[in-house]
Each structure stands twice: as C-alpha cells, then as structure tokens.
Amino acid sequence: MPQKKNICNTNNLYNIKPNRESFFLFKDRPSRLWNFSARIACFVVVSYSKIWTGLLNTYKIHNQERLYKCLYDREEKRGLVTVSNHDSCMDDPLLWGCLKWRNTVQPAKVRWITAANDICFTKFSHALFFSLGRVVPVIRGDGVYQRSMDFILDKINNGDWTHIFPEGRVNIDKSFIRFKWGVGRLVAEAKKIPVVLPMYHVGMDDILPNNKPYIPRIRKKVTLLIGQPMEFTEDIELMRLMKKTPTEIRKYITDKIQEEIYKLKEKAERLHVESFHEQV
C-alpha cells in the first residue's frame with residue numbers, strides 16, 4: 001500500500017522499505033546489563049534534549065508545574081499518559097528538554113513511547129538503541145490489540161509514564177486528523193485509570209523541518225503549552241454501568257482527548273506569537 005502523501009516521508013529519507021516484522025527486544029525481566037545500558041541511553045537522550053532546546057534554541061514552557069506534579073506527585077502505581085500533537089520527527093525527544101536533570105539518571109522517570117516499526121526498527125542496531133531509550137515498535141495497521149500496545153498497557157499498570165502521539169504520524173500540514181483509538185484503549189483498560197495530561201507545542205518543525213536536507217537547526221523558537229490533567233475514572237465507571245462496548249468507551253475517551261488538544265492548539269499558537277513578538 002503506498003504511503004499517504006502528507007506522511008512525514010522518513011522512509012524515503014533512509015531508503016527504508018516497510019517491514020511488518022519487528023525487533024521486539026523487551027523482556028519480562030531485563031538483565032543488569034540491559035538496565036545499565038538503558039540508564040546510559042536515557043541519560044544521553046534527555047541530556048541531548050535539554051542542551052538542544054535549552055541552549056541552542058529558545059524553549060518557552062507554559063504551565064510546567066502541571067507536568068512536574070503529574071510526574072513526581074501522583075499516587076503510587078497510577079500511570080501517566082501524556083498526549084500531544086506531532087509536527088516533527090524530533091518532537092520526541094526534544095519535548096523533554098523541559099524535564100529536570102534528575103530525569104537523566106532515573107530511567108523510571110523517563111517516558112515510554114511507541115514509534116513506527118518500519119522507520120525506527122528496521123535494523124537490529126536501530127532497534128537496540130531505541131529500545132534502550134524506552135521506545136516500543138508499533139506496526140501501523142495492526143490495530144489497538146497488537147503486542148506493543150499490550151506492553152505499553154502493562155507499563156501503565158505498573159504506574160509508569162507513557163507519551164502518545166495519537167495522530168499516529170507526523171502531521172506536516174497541521175490538518176485535522178482523527179486520533180487513533182489506541183490511546184483510548186490504554187486509558188480505558190488500565191487496572192487503575194491513569195492521569196491523562198494533554199499538551200500542544202508550536203515550532204518543533206522549525207528545529208527539524210519536514211523537508212530536505214532534514215538537518216536540525218539552532219536559534220529557533222518553540223512554545224509548549226501544558227493543559228489541565230484529565231480524569232476519566234468516573235466516566236469509564238458510568239459507561240460500564242450503561243453496558244457500553246469497549247469500542248464505544250475508547251472512542252469516547254479518544255474524542256475527549258482530541259477536543260482538549262484542539263482547544264490547546266489555538267491557545268498555544270497565540271502564546272507563541274505573543275511570547276516571541278519582540279523577536280518577530
């Protein structure tokens with residue numbers, strides 16, 4: 001099946017042919033070597049993000065305390081699902097330049113995230129690097145019950161943090177894209193309903209444009225607006241009492257998240273212009 005025209009064409013960039021097989025390297029009980037290597041990988045990635053966004057570019061963050069509260073002060077064994085728009089192939093990890101330095105040495109405080117199997121996991125060396133950085137391969141078209149989503153759900157049940165780009169691809173022209181229902185499943189089927197934290201960023205595609213030569217830039221401006229935490233526990237309990245199907249429940253959750261993201265979009269774009277008005 002041909003790629004959609006407005007998909008970020010990283011397949012062409014790396015001359016990669018789509019592959020439905022996946023290097024899934026995660027184990028139920030990772031070895032000490034794996035844990036040590038993951039600590040190094042997370043340190044490198046988060047440090048790179050902080051340097052690139054904090055020193056080489058200008059990063060304005062609004063409501064940062066909401067992210068910190070959800071990361072460091074939520075109840076034990078309750079997962080966190082952050083969601084955002086996806087404008088550039090560098091959104092992750094550069095978004096996390098806003099984290100505290102302690103995250104660089106605490107892999108448990110670093111997000112889990114999914115990435116396209118046919119882009120990031122085509123070679124063992126690539127798969128190893130991304131897996132150590134807590135990136136999980138997802139196969140487009142395999143639906144919400146594929147292995148990677150089961151794995152992420154287990155992490156949420158363990159109280160971990162997961163970030164999701166529910167658009168499912170880089171949105172080059174920033175047009176309306178119906179969010180994928182996988183995020184709804186992760187929220188609805190968790191043993192303890194996780195906190196959902198929406199956010200919207202502007203300017204990431206200035207740091208890494210979605211056209212050739214695909215070279216990261218410096219001295220660019222990025223705005224990140226963090227929204228209010230969303231609670232779905234009561235909604236899900238009510239929908240279950242009403243005998244709603246799993247499909248209806250995850251669609252409801254996904255739609256509510258999409259509504260909130262698009263409210264943040266308008267505010268973030270306005271703040272971006274206002275914050276950098278003097279430089280424009």
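Because the structure is predicted, anything quoted here is derived from the model rather than measured.
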**Student:** Side chain of E269, backbone of V202: donor and acceptor closer than 3.5 Å?
**Tutor:** no
**Student:** Taking the six-membered ring for Trp and the single ring otherwise, decide whether the centroids of F176 and Y262 are under 6.0 Å apart.
**Tutor:**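 Here the rings of Y262 and F176 have centres that are less than 6.0 Å from each other.
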**Student:** Strictly below 4.0 Å, N to O, side chains only: are K265 and E167 in salt-bridge contact?
**Tutor:** no
**Student:** Give a yes or no on whether V46 and L224 share a hydrophobic cluster (residues Ile, Leu, Val, Met, Phe, Trp, Tyr; joining criterion: side-chain heavy atoms under 4.5 Å apart).
**Tutor:** no
**Student:** Out of curiosity, K100 NZ to K109 NZ, how far, rounded to the nearest 0.5 Å?
**Tutor:**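 Result: 10.0 Å between the selected atoms.
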**Student:** State whether the side chain of R39 and the backbone N or O of N35 hold a donor-acceptor pair below 3.5 Å, judged by distance alone.
**Tutor:** no
**Student:** What's the spacing between D255 CG and Y252 OH if we round to 0.5 Å?
**Tutor:** 9.5 Å
**Student:** Count the heavy atoms belonging to other residues, nucleotides or ligands that lie under 6.0 Å from CD of E75, then report whether that count exceeds 12.
**Tutor:** yes
**Student:** Using a cut-off of 6.0 Å, state whether more than 12 heavy atoms not belonging to E266 lie near its atom CD.
**Tutor:**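 Not buried by this count: 12 neighbours or fewer within 6.0 Å.
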**Student:** So that I can tick it off, tell me whether E248 and K251 are bridged by a salt bridge, with the cut-off set at under 4.0 angstrom between side-chain N and carboxylate O.
**Tutor:** no
**Student:** Is there a side-chain contact between C70 and V195, using heavy atoms and a 4.5 Å cut-off?
**Tutor:** yes
**Student:** Should W96 and M204 be regarded as members of a common hydrophobic cluster, given that ILVMFWY residues are connected when their side-chain heavy atoms come within less than 4.5 Å of each other, either directly or indirectly?
**Tutor:** yes
**Student:** Between M90 and I61, is there shared hydrophobic-cluster membership here, with clusters defined by ILVMFWY side-chain heavy atoms closer than 4.5 Å?
**Tutor:**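 Yes, same cluster.
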**Student:** Should D150 and Y145 be marked as a side chain to side chain donor-acceptor pair (under 3.5 Å) after you check the CA-CA gap, both sets of side-chain angles, and the distance that decides it?
**Tutor:** CA-CA 7 Å; D150 293 341; Y145 288 105; over 6 Å; no
**Student:** Could you tell me the separation between the CG atom of N63 and the CE atom of M199, rounded to the nearest 0.5 Å?
**Tutor:**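 Separation between the atoms: 10.5 Å.
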**Student:** For R74 and G79, work out which heavy atoms get closest and say how close.
**Tutor:**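 Distance-wise, the nearest heavy atoms are NE-C, 3.7 Å.
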**Student:** Against P198, only a single residue in K263, E260, Q258 fulfils side chain to side chain contact (heavy atoms under 4.5 Å, CB included); can you say which?
**Tutor:** E260
**Student:** Side-chain heavy atoms nearer than 4.5 Å, only ILVMFWY residues, links allowed to pass through others: does that put F43 and F36 together?
**Tutor:** yes
**Student:** Per the side-chain hydrogen bond (donor to acceptor under 3.5 Å, both in side chains) rule, which among T82, T162, D92 passes with R111?
**Tutor:** D92
**Student:** When you compare the side chain of K256 with that of F232, does any pair of heavy atoms fall below 4.5 Å?
**Tutor:** yes
**Student:** Between D205 and K220, is the closest basic N to carboxylate O distance under 4.0 Å?
**Tutor:**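 So K220 does not pair with D205 through a salt bridge.
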**Student:** Should the ring pair Y72 and Y68 be called parallel, tilted or perpendicular, given that the plane angle runs from 0 to 90° and is split at 30 and 60?
**Tutor:**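 Geometry flag for Y68 against Y72: tilted rings.
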**Student:** Which heavy atom of T122 sits nearest to which heavy atom of D118, and what is that distance?
**Tutor:**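 Looking at all heavy atoms of both residues, the closest pair is CG2-O, 3.4 Å.
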**Student:** Treating Q146 as the side-chain partner and I139 as the backbone partner, does any N or O pair qualify as donor plus acceptor under 3.5 Å?
**Tutor:** yes
**Student:** Decide yes or no on side chain to side chain donor-acceptor pair (under 3.5 Å) for K221 and N57, but give the supporting numbers first.
**Tutor:** CA-CA 6 Å; K221 304 172 181 66; N57 294 279; over 6 Å; no
**Student:** Are M230 and W181 co-members of a hydrophobic cluster defined by side-chain heavy atoms under 4.5 Å apart?
**Tutor:** no
**Student:** Tell me whether the count of non-hydrogen atoms from other residues, nucleotides or ligands lying under 6.0 Å of CZ in F129 goes above 12.
**Tutor:**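 12 or below, so no.
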**Student:** Are the side chains of V170 and F165 in contact, using a 4.5 Å heavy-atom criterion?
**Tutor:**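 Result no, sub-4.5 Å side-chain heavy-atom pair not found.
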**Student:** I'd like to know if the side chain of R78 reaches the main chain of I193, judged simply by a donor and an acceptor atom lying under 3.5 Å from each other, with no hydrogens or angles considered.
**Tutor:**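 Here the side-chain-to-backbone pair exists.
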**Student:** Can a donor-acceptor pair be found, under 3.5 Å and without considering hydrogens, that links the side chain of N171 to the backbone of S175?
**Tutor:**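 Between the backbone of S175 and the side chain of N171 there is a qualifying donor-acceptor contact (under 3.5 Å).
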**Student:** Check for a donor-acceptor pair, side chain of R250 on one end and backbone N or O of V187 on the other, with a separation under 3.5 Å.
**Tutor:**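 Such a contact is absent between R250 side chain and V187 backbone.
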**Student:** What verdict does the side chain to side chain donor-acceptor pair (under 3.5 Å) test give for H86 and D91, after you've listed the backbone C-alpha separation in whole Å, the side-chain angles of each residue and the deciding distance to 0.1 Å?
**Tutor:** CA-CA 7 Å; H86 197 8; D91 291 346; 2.8 Å; yes
**Student:** Cut-off 3.5 Å, side chains only: do N157 and K192 have a donor facing an acceptor?
**Tutor:** no
**Student:** Quick check: F24 with F121 (ring centres under 6.0 Å apart)?
**Tutor:**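 Not close enough - the centres of the two rings lie 6.0 Å or further apart.
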**Student:** I need the minimum non-hydrogen distance between L208 and C89, along with the two atoms involved.
**Tutor:** CD2-CB, 4.1 Å
**Student:** Using the rule given for ring pair (Phe, Tyr, Trp, His ring centres under 6.0 Å), can you reason through W112 versus F26, listing the C-alpha separation, both sets of side-chain angles and the distance that settles it, and then say yes or no?
**Tutor:** CA-CA 12 Å; W112 291 95; F26 301 101; 5.6 Å; yes
**Student:** Can you see which heavy atom on L186 is nearest to which on L153, and at what distance?
**Tutor:**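 Heavy-atom minimum between the residues: O-CD1, 3.6 Å.
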**Student:** Which heavy-atom pair separates N210 from S88 by the least distance, and what is that distance?
**Tutor:** OD1-CA, 3.9 Å
**Student:** I need the H163 NE2 to L197 CG distance, nearest 0.5 Å.
**Tutor:**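 Reported to 0.5 Å precision, the distance equals 10.0 Å.
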**Student:** Please round to the nearest 0.5 Å and tell me the distance separating atom NZ of K27 and atom OG of S131.
**Tutor:** 11.0 Å
**Student:** Is the shortest heavy-atom distance from the side chain of V183 to the side chain of I257 under 4.5 Å?
**Tutor:** yes
**Student:** Between H201 and T223, is the side chain to side chain donor-acceptor pair (under 3.5 Å) condition met? List the steps.
**Tutor:** CA-CA 5 Å; H201 55 86; T223 296; over 6 Å; no
**Student:** Tell me whether K69 at atom NZ has more than 12 heavy atoms from other residues, nucleotides or ligands lying less than 6.0 Å away.
**Tutor:** no
**Student:** So, taking the atom named CG in L132 and the one named OG in S37, what distance separates them when rounded to the nearest 0.5 Å?
**Tutor:** 5.5 Å
**Student:** What are the two closest non-hydrogen atoms of G133 and A41, and how far apart are they?
**Tutor:**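 Taking G133 first and A41 second, the nearest heavy atoms are N-CB, 4.3 Å.
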**Student:** Taking the six-membered ring for Trp, is the centroid-to-centroid distance between F276 and H272 below 6.0 Å?
**Tutor:**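 When the ring centroids of F276 and H272 are compared, they turn out to be within the sub-6.0 Å range.
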**Student:** Are D87 and K174 side-chain neighbours, meaning at least one heavy-atom pair lies under 4.5 Å?
**Tutor:** yes
